[in-house]
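Every value quoted in this text rests on a predicted model; they were computed, and no experiment measured them. FYI, side chains are in, hydrogens and waters are out, and symmetry mates aren't considered; it's all heavy atoms of this structure.
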Amino acid sequence: ELGLYGLEATLIPVLSFEFVSLESLFEKLSHPEAYGGLVFTSPRALEAIKLCLKENSKNEAWSKSLKQRWNNKPAYVVGKATASLVEEIGLTPQGEKSGNAEKLAEYICSREKPNSSILLFPCGALKREVLPTVLREKGIPLESLTVYQTAQHTGLQESLSSYFSQQGIPASVVFFSPSGVKFCLQHIQKLSGDFINHIKFAAIGPTTAEAMEAAGVPVGCTAQSPTPQDLAAGIQKALQLQNC
């Protein structure tokens, strides 16, 4: 998408993920009758399920009966990337136009009744409390299970240093998560020095934009929705305004 605007993008991995509690996750997935549905706010939660299903016996149980039984219940998702992974494991996603946890929580509240069956929420250790809080306030039961932990990517500092030494100061830097801001910002400030004001900082969505503002980063643009198309259009507009 960025290439269509004549922009050259370099992707630098910021995070690495460690999957945890997979046995516990499959145990819960084995009992669809105990839950009213599933909630996913990150592709990593689906990767955790796919790891579970790598074992033949578990995959067989999933294909033979579990998948069909879960398909009678909603699988709520935050966006398109998560939705496509839900489809890969054979379920039908709902709510993919939400784009962030706040809107997904509203969507779930419009579909679920208070004190209905528990929704199962496989999530990361760094999950924000927005969705659980909104559901709790509306009396919709949610069971969170941490299935992955987030850490800084081991090659992050080296990748950033090599980018700056080879390509110079970028016209724009896009952050995709609050963790990205936390792990990258210091290095970018150090490498940019006085030229940091020349960089247009962009956010994939409002949560990341808030983290940027809290860290003192001027937000040049926030994608209207977390899609490649909206992000590319937003960056293009921000760079044109700056006349890059």
Side-chain angles (χ1 to χ4, degrees), residues 1 15 17 25 28-29 32 35-50 70-148 150 174-181 202-214 219 221-235:
E1 280 300 320
L15 309 173
F17 302 98
L25 172 60
K28 291 175 191 303
L29 289 174
Y35 298 98
L38 292 157
V39 179
F40 299 110
T41 57
S42 135
R44 252 73 52 195
L46 274 309
E47 284 169 30
I49 292 180
K50 287 174 99 171
W70 277 110
N71 245 333
N72 297 328
K73 303 163 189 285
Y76 295 111
V77 300
V78 77
K80 285 186 179 168
T82 309
S84 65
L85 288 169
V86 164
E87 285 166 351
E88 277 179 31
I89 61 166
L91 301 181
T92 308
Q94 292 184 27
E96 65 185 78
K97 289 197 169 75
S98 305
N100 61 49
E102 285 88 339
K103 287 192 179 141
L104 180 61
E106 281 170 31
Y107 178 81
I108 294 171
C109 291
S110 73
R111 313 280 296 232
E112 297 287 330
K113 293 183 177 68
N115 304 316
S116 51
S117 299
I118 300 168
L119 298 173
L120 178 60
F121 179 31
C123 56
L126 295 177
K127 77 165 187 319
R128 290 164 70 238
E129 287 304 317
V130 173
L131 187 137
T133 302
V134 172
L135 265 55
R136 191 165 52 242
E137 284 168 358
K138 298 278 186 196
I140 295 164
L142 183 76
E143 183 183 324
S144 302
L145 175 69
T146 299
V147 294
Y148 67 92
T150 308
V174 185
F175 288 119
F176 287 84
S177 67
S179 308
V181 179
I204 191 65
T207 310
T208 303
E210 279 169 30
M212 289 160 69
E213 281 164 3
V219 182
C221 80
T222 303
Q224 267 191 324
S225 71
T227 64
Q229 293 79 0
D230 282 338
L231 179 63
I235 292 171

Run the side chain to side chain contact (heavy atoms under 4.5 Å, CB included) test on Thr208 and Val181 for me, step by step, so that the C-alpha distance in whole Å, both residues' side-chain angles and the decisive distance to 0.1 Å come before the verdict.
CA-CA 8 Å; Thr208 303; Val181 179; 4.2 Å; yes

Measure across Pro132 and Phe121 and return the closest heavy-atom pair with its distance rounded to 0.1 Å.
CG-CE2, 4.2 Å

Go through it in stages, so that I can follow the logic: the residues are Leu38 and Val86, the test is side chain to side chain contact (heavy atoms under 4.5 Å, CB included), and I'd like the CA-CA distance, side-chain angles, deciding distance and then a yes or no.
CA-CA 10 Å; Leu38 292 157; Val86 164; over 6 Å; no

Are the side chains of Pro226 and Leu231 in contact, using a 4.5 Å heavy-atom criterion?
no

Glu1: which residues meet the salt bridge (Lys or Arg N to Asp or Glu O under 4.0 Å) condition with it, sequence neighbours left out?
none

So, the side chain of Lys73 versus the backbone of Pro32: is there a donor-acceptor pair under 3.5 Å, distance only?
yes

In Å, rounded to the nearest 0.5 Å, how long is the span from CZ of Arg111 to OG of Ser116?
12.5 Å

Could you tell me which non-hydrogen atom of Ala83 sits nearest to which non-hydrogen atom of Val77, and how far apart they are?
CB-CG2, 3.8 Å

So if I apply the side chain to side chain contact (heavy atoms under 4.5 Å, CB included) rule between Phe40 and each of Leu85, Val78, Ile49, which one comes out positive?
Ile49

With a cut-off of 6.0 Å (strictly less than), are more than 12 heavy atoms of other residues, nucleotides or ligands near CD of Glu143?
yes

Any side-chain donor-acceptor pair under 3.5 Å between Tyr148 and Ser42?
yes

Check ring pair (Phe, Tyr, Trp, His ring centres under 6.0 Å) between Phe176 and all other residues, then give those that pass, not counting sequence neighbours.
none

Stepwise, does the side chain to side chain contact (heavy atoms under 4.5 Å, CB included) test hold for Ile235 with Cys221?
CA-CA 7 Å; Ile235 292 171; Cys221 80; 4.2 Å; yes

What's the spacing between Arg128 CZ and Glu102 CD if we round to 0.5 Å?
4.5 Å

With rounding to the nearest 0.5 Å, note down the distance linking OG in Ser177 to CD1 in Ile204.
10.5 Å

Using the salt bridge (charged side-chain N to carboxylate O under 4.0 Å, His left out) rule, collect all pairs that involve residues 88-100, keeping only residues at least two apart or in two chains.
Lys50-Glu88

Counting heavy atoms not belonging to Lys127, are there more than 12 under 6.0 Å from its NZ?
yes

Paired with Leu142, the side chain to side chain contact (heavy atoms under 4.5 Å, CB included) test is passed by just one of Val39, Ile118, Leu120, Val134, namely Val39

Do Phe17 and Thr150 make a side-chain contact, defined as non-hydrogen atoms from C-beta onward lying under 4.5 Å apart?
yes

Between atom CE of Met212 and atom OG1 of Thr207, what is the distance when rounded to the nearest 0.5 Å?
12.5 Å

Any side-chain heavy atom of Asn71 within less than 4.5 Å of one from Thr92?
yes

To the nearest 0.5 Å, atom CD of Glu87 lies from atom NZ of Lys80 at 11.5 Å

Heavy-atom side-chain proximity of Tyr35 to Ser117 below 4.5 angstrom
no

Looking at CD of Glu47 and CD1 of Ile89, how far apart are the two atoms once the value is rounded to the nearest 0.5 Å?
12.0 Å

Note: Thr222 and Gly205 closest approach over all heavy atoms is CG2-C, 3.5 Å

Looking only at heavy atoms, what is the nearest atom pair of Ser179 and Leu126, with distance?
OG-CD1, 3.7 Å

Nearest atoms (heavy-atom pairs only) where Gly124 meets Thr146:
C-CG2, 4.1 Å

How about Thr82 and Pro93: do any of their side-chain heavy atoms sit closer than 4.5 Å?
no

Check whether any side-chain heavy atom of Glu112 sits under 4.5 Å from a side-chain heavy atom of Pro74, and report yes or no.
yes

